[in-house]
Amino acid sequence: QVQLVESGGGLVQAGDSLRLSCAASGGTASNYAMGWFRQAPGKEREFVSTISRSGSNTRAAESVKGRFIISRDNAKNTVTLQMNSLKPEDTAVYYCAASIVGDTPQVGDFYAYWGQGTQVTVSS
């Protein structure tokens with residue numbers, strides 16, 4: 001059973017960048033497709049981006065395409081979300097998740113393992 005721990009959140013201004021990291025332990029990261037989701041106050045959790053087990057395939061939500069980049073290092077059991085040109089509407093708790101289902105799943109229900117989340121706040 002894999003455990004996930006996110007880091008790298010914080011308070012930034014609009015237009016700034018942040019780099020989120022997700023460290024996996026208790027399992028082999030390359031066995032899982034990995035994803036990032038976020039949940040803003042009063043809103044439902046939403047898909048942000050996902051990456052396949054090998055790292056060769058990625059998907060991103062339309063709202064973050066061209067700004068956020070997902071990557072992974074299976075040797076280090078880590079997944080990274082590079083967030084550029086941040087906007088106030090990107091403010092949310094960001095969650096890392098691991099899935100044994102599919103190549104690049106975009107639905108939260110396909111993810112069995114979740115981290116505790118890291119807060120990202122973007123001021124205008």
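Nothing here was measured: the structure is a model prediction, and the numbers come from that model. Along the sequence shown, residues are numbered consecutively beginning with 1.
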| said: How close do Asp90 and Arg38 get, counting heavy atoms only, and between which atoms? | reply: OD1-NH1, 2.9 Å

| task | Check whether any side-chain heavy atom of Val79 sits under 4.5 Å from a side-chain heavy atom of Ile70, and report yes or no. | result | yes

| Of all heavy-atom pairs between Phe47 and Arg59, which one has the smallest distance, and what is that distance? | CZ-O, 3.7 Å

| Is any side-chain heavy atom of Val5 less than 4.5 Å from a side-chain heavy atom of Cys22? | no

| said: Determine whether a donor-acceptor pair (N or O, by modelled atom type, separation under 3.5 Å) exists between the side chain of Ser99 and the backbone of Val101. | reply: yes

| task | List the atom of Val120, the atom of Gly9, and the distance in Å for their closest heavy-atom pair. | result | CG2-CA, 4.1 Å

| field | Heavy-atom neighbours of Tyr113 OH exceed 12 at 6.0 Å | value | yes

| message | With a 4.5 Å cut-off on side-chain heavy atoms, are Val122 and Glu89 touching? | response | no

| remark: Nearest heavy-atom contact between Leu18 and Leu86 is N-CD1, 3.8 Å

| task | For the residue pair Ser54 and Ser56, confirm or rule out a side-chain donor-acceptor distance under 3.5 Å. | result | yes

| task | Kindly determine whether Gln82 and Thr80 satisfy side chain to side chain donor-acceptor pair (under 3.5 Å), including the steps that lead there. | result | CA-CA 6 Å; Gln82 177 67 42; Thr80 298; over 6 Å; no

| query | Do Arg53 and Met34 have side-chain heavy atoms sitting under 4.5 Å apart? | reply | no

| CD (Gln116) with more than 12 external heavy atoms under 6.0 Å | no

| said: If you define the side chain from C-beta out and look only at heavy atoms, does anything of Val48 sit under 4.5 Å from Phe68? | reply: yes

| query | Closest heavy-atom contact between Arg72 and Ala33? | reply | NH1-CA, 4.2 Å

| said: Can you confirm whether the side chains of Thr104 and Gln106 place a donor and an acceptor under 3.5 Å from each other? | reply: no

| task | Would you indicate whether the side-chain heavy atoms of Trp114 and Gln3 approach each other to under 4.5 Å? | result | no

| query | Given the rule that I, L, V, M, F, W and Y join up when any side-chain heavy atoms are under 4.5 Å apart, are Val2 and Ile51 in one cluster? | reply | yes

| message | Do Val12 and Met83 sit in one hydrophobic cluster, given that two such residues count as connected whenever their side-chain heavy atoms are within less than 4.5 Å of each other, even indirectly? | response | yes

| query | Going by atom types only, do Tyr111 and Thr50 share a side-chain donor-acceptor pair under 3.5 Å? | reply | yes

| request: State, to 0.1 Å, how close Trp36 and Leu20 come at their nearest heavy-atom pair, and which atoms those are. | output: CH2-CB, 3.7 Å

| field | Side chains of Thr78 and Asp73, donor plus acceptor under 3.5 Å | value | no

